[in-house]
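Since the model is a prediction, treat every value here as computed from it, not as a measurement.
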Amino acid sequence: MNRLVATLVLIFSIAMAQGKLALSQGVTEGLGDSNVPLEINADEGIEWRRDLKQYVASGNARAAQGELEVFGDQLIAHYREGVEGGTEIYRVDAVGNVKIVSPGETAYGDNGVYDIDKQVMVLTGQNLRMVSGADTITARDSLEYWETKQLAVARGNAIAIREDKRVHGNVLTAHFVRDAENKLEIERIDAHGDVRVATKTEYATGDKGIYFVKRELANLIGNVKITQGENQMNGDEAQFNLATGVSKLVSKSGKPVQGLILPSSKKKKP
């Protein structure tokens, strides 16, 4: 370990002992163990900007503590005076080619901001995505990680993908639980606005929805339409099994469920 890296390890170790530096042992879990040093590596060196109260690591920068790694072209740690003296890190910015790696999840973006007080990480930029096991979530505007709530929020043309199955919404909220190996995995995804659920053969839309990931079951609510080829069914609510393709529509408004099923002879006509 060179002198710059060793110095920053010491600085961050002291800061962690005085405050709460966190980038966690899971993408959605805090890194606040002051007994574990935060190691920073950077190809181009590390600056201390005293007037701005920043430490800046540039050039293939990497921050690691425990099982979590944060990568970026540049990492900026903002600090303040601690209540009992010393300093505490309250925000970490990651700039350029950001990647967050932990057991079970990997997230990508152009830029990231970690608010330690709120324990929230926000990724922005192009090609935003999070990979968790067989599930991938993409977004246009931002990806958020709320550590204490153990959830991720994808905003703007958000899509959850598993094999050939997709759930779309203006906003997707992924709820995490721990598996048998104590790793976080997605249990449920809530979809809001312009909700679309699709497989190879079926397509369904609604105002909002809840997708139970392991069961591959989507509950759609509000102005539901399910389409299979040229056939269509409309209702207030629906259960759509993405694994079996079986759908069930119900009406909550008193209006009858409607279905348009074209006979095969009609389908063959131009």
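Within 6.0 Å of CZ on Arg166 lie no more than 12 heavy atoms contributed by other residues, nucleotides or ligands. Within 6.0 Å of NZ on Lys225 lie no more than 12 heavy atoms contributed by other residues, nucleotides or ligands.
In the hydrophobic clustering of this structure, Ile159 does not group with Ile137; members are Ile, Leu, Val, Met, Phe, Trp, Tyr whose side-chain heavy atoms approach within less than 4.5 Å, directly or through other members. Under the 4.5 Å side-chain contact rule for hydrophobic residues, Leu217 and Ile189 do not share a cluster. Met233 and Tyr203 are members of different hydrophobic clusters when ILVMFWY side chains are connected at heavy-atom separations under 4.5 Å. With hydrophobic clusters built from ILVMFWY side chains whose heavy atoms lie under 4.5 angstrom apart, Val122 shares a cluster with Val171. Grouping the Ile, Leu, Val, Met, Phe, Trp and Tyr side chains by contacts below 4.5 angstrom, directly or via other members, places Val167 with Val213.
A donor atom on one side chain and an acceptor atom on the other are not found under 3.5 Å apart for Thr148 and Gln119. Between the side chains of Gln239 and Asn241, no donor-acceptor pair is found at a separation under 3.5 Å. Asp190 and His175 form a side-chain donor-acceptor contact under 3.5 Å, judged by distance and modelled atom types alone. Side-chain contact annotation: His192 with Asp207, donor-acceptor N/O pair under 3.5 Å absent.
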Working for side chain to side chain contact (heavy atoms under 4.5 Å, CB included), residues Leu123 and Tyr145: CA-CA 9 Å; Leu123 292 174; Tyr145 303 92; 3.8 Å; yes
Give the C-alpha distance, both sets of side-chain angles, the deciding distance and a yes or no for side chain to side chain contact (heavy atoms under 4.5 Å, CB included) between Lys165 and Glu216. CA-CA 9 Å; Lys165 306 170 184 69; Glu216 298 188 65; 2.7 Å; yes
Evaluate the side chain to side chain contact (heavy atoms under 4.5 Å, CB included) criterion for residues Ile226 and Val224: first the C-alpha distance (whole Å), next the side-chain angles of each, then the deciding distance (0.1 Å), finally the verdict. CA-CA 7 Å; Ile226 297 179; Val224 176; 4.2 Å; yes
Under the criterion side chain to side chain contact (heavy atoms under 4.5 Å, CB included), I'd like the reasoning laid out for Arg155 against Val153: C-alpha separation, chi angles, the key distance, then a yes or no. CA-CA 6 Å; Arg155 300 183 186 275; Val153 182; 3.8 Å; yes
Checking ring pair (Phe, Tyr, Trp, His ring centres under 6.0 Å) for the pair Tyr55/Tyr79: CA distance, chi angles, key distance, verdict? CA-CA 8 Å; Tyr55 297 107; Tyr79 69 89; 5.1 Å; yes
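Here the side chains of Lys53 and Glu81 are in contact, with some heavy-atom distance below 4.5 Å. Tyr108 has its side chain out of reach of Phe71: every pair of non-hydrogen atoms, C-beta onward, lies at least 4.5 Å apart. Side-chain contact between Val197 and Leu242 is present, with heavy atoms from C-beta onward closer than 4.5 Å. A 4.5 Å side-chain heavy-atom check between Arg178 and Gln150 finds at least one atom pair inside the cut-off. A heavy-atom distance below 4.5 Å is not found between the side chains of Tyr211 and Leu172. Proximity of Val131 to Glu105: side-chain heavy atoms (C-beta onward) are nowhere separated by under 4.5 Å. In this structure the side chain of Asn219 reaches within 4.5 angstrom of the side chain of Phe212, judged on heavy atoms. Asp236 has its side chain out of reach of Asn223: every pair of non-hydrogen atoms, C-beta onward, lies at least 4.5 Å apart.
Asp43 has no carboxylate O lying under 4.0 Å from a charged side-chain N of Arg62, or vice versa, which leaves the two without a salt bridge. Ion pairing between Asp51 and Arg49 fails under the 4.0 Å rule for side-chain N and carboxylate O. Electrostatic pairing of Asp115 and Arg91 does not count as a salt bridge here, judged by no charged N lying under 4.0 Å from a carboxylate O. Salt-bridge annotation for Lys214 and Glu187: absent, with no side-chain N of the basic residue lying under 4.0 Å from a carboxylate O of the acidic one.
Put simply, OG1 on Thr205 and CZ on Phe240 are 10.5 Å apart, with the number rounded to the nearest 0.5 Å. Distance check, rounded to the nearest 0.5 Å: CD of Glu144 to CE of Met130 gives 12.5 Å. Rounding to the nearest 0.5 Å gives a distance of 12.5 Å between CG of Asp179 and CD1 of Ile186. With rounding to the nearest 0.5 angstrom, the CZ atom of Arg188 is 11.5 Å from the CZ atom of Arg215. Distance check: Glu237 CD to Leu220 CG gives 9.5 Å after rounding to the nearest 0.5 Å. The line from CD of Glu44 to CG of Asn60 is 7.5 Å long, rounded to the nearest 0.5 Å.
For the pair Leu143 and Ala154, the tightest heavy-atom approach, listed with the atom from each and the gap, is CD2-CB, 3.6 Å. Residues Leu128 and Gly125 approach most closely at CG-O, 3.4 Å, considering heavy atoms. For the pair Ala63 and Ile40, the tightest heavy-atom approach, listed with the atom from each and the gap, is CB-CD1, 3.3 Å. Nearest approach of Val195 to Lys208, heavy atoms of both residues: CG2-CA, 3.5 Å. Closest approach of Ala64 and Glu69 over heavy atoms only: CB-CG, 4.1 Å. The two residues Gln54 and Trp48 come nearest to each other via the heavy atoms O-CD1, 3.5 Å.
Looking at Asp110, its side chain does come within 3.5 Å of a backbone N or O of Gln126 through a donor-acceptor pair. Proximity of a side-chain donor or acceptor of Ser132 to a complementary backbone N or O of Asp135 within less than 3.5 Å is not detected.
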